[in-house]
Amino acid sequence: MKKTLSFAVVHFTVAFSLGYLLTGSLLVGGAMALLEPALNTVAFYWHERAWDRWGRSERRVDNALRA
């Protein structure tokens with residue numbers, strides 16, 4: 001859990017810093033620090049679902065070829 005929390009701090013810091021450096025706005029930096037990780041979480045969920053589905057179909061093809 002400590003590693004997860006430390007990575008979250010790094011992730012928020014990078015998102016904030018990038019937004020701030022690109023715009024000079026604390027508001028934009030703060031918004032990016034909140035929005036980017038939240039959207040990444042949603043994207044990761046859908047990526048995992050697609051990956052699992054793709055992996056299942058690939059395993060079926062592999063099994064069929066071995067039979």
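Because the structure is a prediction, the values reported are computed rather than measured.
Taking Ser17 as the reference, Thr13 meet the side-chain contact (heavy atoms from CB on, under 4.5 Å) condition, with sequence neighbours excluded. Not counting sequence neighbours, the partners of Val14 by the side-chain contact (heavy atoms from CB on, under 4.5 Å) test are Val10. Taking the side chain to side chain donor-acceptor pair (under 3.5 Å) definition, one finds that His47 meets it with nothing, sequence neighbours left out.
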Q: With side chain to side chain contact (heavy atoms under 4.5 Å, CB included) as the test, would you mind laying out the steps for Phe44 and Asn40 before giving the verdict?
A: CA-CA 6 Å; Phe44 180 76; Asn40 245 342; over 6 Å; no
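Using a 4.5 Å cut-off between side-chain heavy atoms of Ile, Leu, Val, Met, Phe, Trp and Tyr, with links allowed through other members, Leu21 and Leu18 fall into different hydrophobic clusters.
Other residues sharing a hydrophobic cluster with Leu5 under the 4.5 Å side-chain heavy-atom criterion for ILVMFWY residues are Met1.
Among residues at least two apart or in separate chains, side-chain hydrogen bond (donor to acceptor under 3.5 Å, both in side chains) pairs with a member in residues 1-11 are His11-Glu36.
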Return all side-chain donor-acceptor pairs below 3.5 angstrom for residues 25-35, not counting sequence neighbours, or 'none' if the list is empty.
{"residue": "Ser25", "atom": "OG", "partner": "Leu27", "partner atom": "N", "Å": "3.2"}
{"residue": "Ser25", "atom": "OG", "partner": "Val28", "partner atom": "N", "Å": "3.1"}

